[in-house]
There are 2 protein chains.
Amino acid sequence: MDEQLVKEVLSEPRNQKEEIQALQDTIYVIGGKWKLPIINSICNGNRRFREIERSIPGITTRMLSRELKDMEANKLLKRTVTPTSPVTVEYSPSDYCHSFADIILHMIKWGKEHRQRLKED
Amino acid sequence: MDEQLVKEVLSEPRNQKEEIQALQDTIYVIGGKWKLPIINSICNGNRRFREIERSIPGITTRMLSRELKDMEANKLLKRTVTPTSPVTVEYSPSDYCHSFADIILHMIKWGKEHRQRLKED
DNA sequence: GATACCAGTATCACAGAGTATACCAACATG
DNA sequence: CATGTTGGTATACTCTGTGATACTGGTATC
């Protein structure tokens, strides 16, 4: 584990109440099955609705629509409509959106290692 | 962001399908409102049932009971019963449990920064 | 004797997360 | 002219995660 990060995040003396509240806040924001996969997809360069939809196995049009609306309202991303014909709709990440990069990266790492462990059994 | 980690986790050329699957696997394992707070609590030294319960704001006896059972079955933690009177039950983290440390740490970090941003408005 | 703590289980109930399917208008492609 | 794509909405449904409340049996405390 990254000792520097530990020092940065975990104040001394430890304030466990604050830590668990922070953890619960984060879970509240990115909880659910789809938020992180969507953020990941958009940060990976997917912009169009169907493009994002196709990049996430299992998601339905409805869930994607709902989550995108929600995330736009919370300024996690920007929705841009270009009046071409037919209209072009593009979703792009806000800076805020990039702040999840570390979390996502570590979760990808964990998922890969997890799969590796399962294979070894 | 940690460039070394990026190189380690994100293979070149990128395999986005593998990445999103890894991400979804991780969400599947630690998804829900309580798993990470419980892991965090136990890794922070809480061992007894009521001790863990008190350390997590909002959790009910029932949810804690269910999640602990689930996590014991998945070898995320060990349940030890000492035949004192009344019996002493202790939950302790497995090595596996510690593998979430990075994710939790980054989520705590994000939560703290999030709260800071809200205060600044 | 009343109350409180421990480690839970039982029962009931609900909201909302998530699924399935169909549909729309406008355009492009074969 | 039939089909497919885009960017969604509408409707109906399931289901499970979560919550509220109550209870148990043994012990310790007041």
Side-chain angles (χ1 to χ4, degrees), chain A residues 20-21 23-42 45-74 76-93, chain B residues 20-21 23-42 45-74 76-93:
Chain A
I20 197 150
Q21 253 166 41
L23 182 57
Q24 288 185 304
D25 285 353
T26 305
I27 291 171
Y28 180 78
V29 175
I30 60 177
K33 209 169 166 181
W34 303 116
K35 290 242 166 44
L36 285 182
I38 292 170
I39 292 172
N40 181 247
S41 173
I42 294 179
N46 296 307
R47 294 285 174 270
R48 313 291 299 276
F49 188 90
R50 298 291 180 197
E51 200 179 6
I52 299 167
E53 189 180 19
R54 277 191 301 266
S55 77
I56 303 173
I59 198 167
T60 57
T61 314
R62 183 170 186 264
M63 285 313 294
L64 180 57
S65 172
R66 280 170 58 141
E67 296 283 31
L68 285 175
K69 235 180 247 168
D70 194 274
M71 291 161 71
E72 194 201 351
N74 290 315
L76 286 179
L77 40 85
K78 230 186 358 219
R79 182 176 184 270
T80 319
V81 182
T82 316
T84 48
S85 174
V87 288
T88 309
V89 180
E90 285 203 337
Y91 295 91
S92 50
Chain B
I20 197 150
Q21 252 165 41
L23 182 56
Q24 288 184 305
D25 285 352
T26 305
I27 291 170
Y28 180 77
V29 175
I30 60 176
K33 211 170 163 180
W34 304 115
K35 289 244 168 39
L36 286 182
I38 291 170
I39 292 173
N40 180 247
S41 172
I42 293 178
N46 295 307
R47 293 286 174 270
R48 312 292 298 277
F49 188 89
R50 297 292 179 194
E51 200 180 7
I52 300 167
E53 189 180 18
R54 277 190 302 265
S55 77
I56 303 172
I59 199 167
T60 57
T61 314
R62 181 172 184 262
M63 285 314 295
L64 180 57
S65 173
R66 278 172 62 138
E67 298 284 30
L68 285 175
K69 237 180 246 169
D70 194 273
M71 291 161 72
E72 194 201 349
N74 290 315
L76 286 180
L77 41 85
K78 230 192 351 226
R79 181 175 183 270
T80 318
V81 183
T82 315
T84 48
S85 175
V87 288
T88 310
V89 181
E90 285 203 338
Y91 296 91
S92 50

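Chain A is the first sequence line, chain B the second, and so forth, proteins listed ahead of strands; every chain is numbered from 1. Just so it is clear, the model here is predicted, and its values are computed rather than measured.
Between D:dG8, C:dA17, C:dG8, one nucleotide has an atom nearer to the side chain of B:Y91 than all others, and that is C:dG8. Closest to the A:R66 side chain, of the nucleotides C:dG18, D:dG8, D:dT6, is C:dG18. Listed nucleotides: C:dG8, D:dG8, D:dT6. Nearest to the side chain of B:S65: C:dG8. Across C:dC6, C:dG8, C:dT19, the shortest atom-to-atom separation from the side chain of B:F49 is found for C:dG8. Minimum atom distance to the side chain of B:R62 is reached by D:dA20, of the listed D:dA10, D:dA20, D:dT6. Among the nucleotides C:dG18, D:dT6, D:dT18, the one closest to the side chain of A:W34 is C:dG18.
Atom C1' of nucleotide D:dG4 and atom CD of A:E53 are separated by 14 Å, given to the nearest angstrom. Taking atom CE of A:M63 as the reference point, atom P of D:dG8 lies 16 Å away to the nearest angstrom. In this structure, B:Y28 places its OH atom 15 Å from C1' of C:dG18, rounding to the nearest Å. Atom CD1 of A:I30 is separated from atom P of C:dA17 by 16 Å (rounded to the nearest Å). The CZ atom of A:R79 sits 12 Å away from the C1' atom of D:dT6 (whole-angstrom rounding). Taking atom CD1 on B:I52 and atom P on C:dG8, their separation rounds to 9 Å, with Å as the unit. The distance from atom NZ of A:K69 to atom C1' of D:dA10 is 11 Å, rounded to the nearest whole Å. The nearest whole Å value for the distance from the CD atom in B:E90 to the P atom in C:dC6 is 14 Å.
Rounding to the nearest 0.5 angstrom, the gap separating the CD atom in A:E67 from the CD1 atom in A:I39 is 9.5 Å. One finds the CG atom of A:L77 at 4.5 Å from the CD1 atom of A:I42 (value rounded to the nearest 0.5 Å).
Counting only N and O atoms by type, the side chains of A:R79 and A:Y91 include a donor and acceptor under 3.5 Å apart.
In summary, of the residues considered (B:I52, B:N40, B:I38), a side chain to side chain contact (heavy atoms under 4.5 Å, CB included) with B:N46 occurs for B:I52 alone.
Between B:L68 and B:F49, the closest side-chain pair of non-hydrogen atoms falls below 4.5 Å.
Take the nearest nucleotide of DNA chain C for A:P86 and for A:K33: the residue whose nucleotide is more 5' is A:K33.
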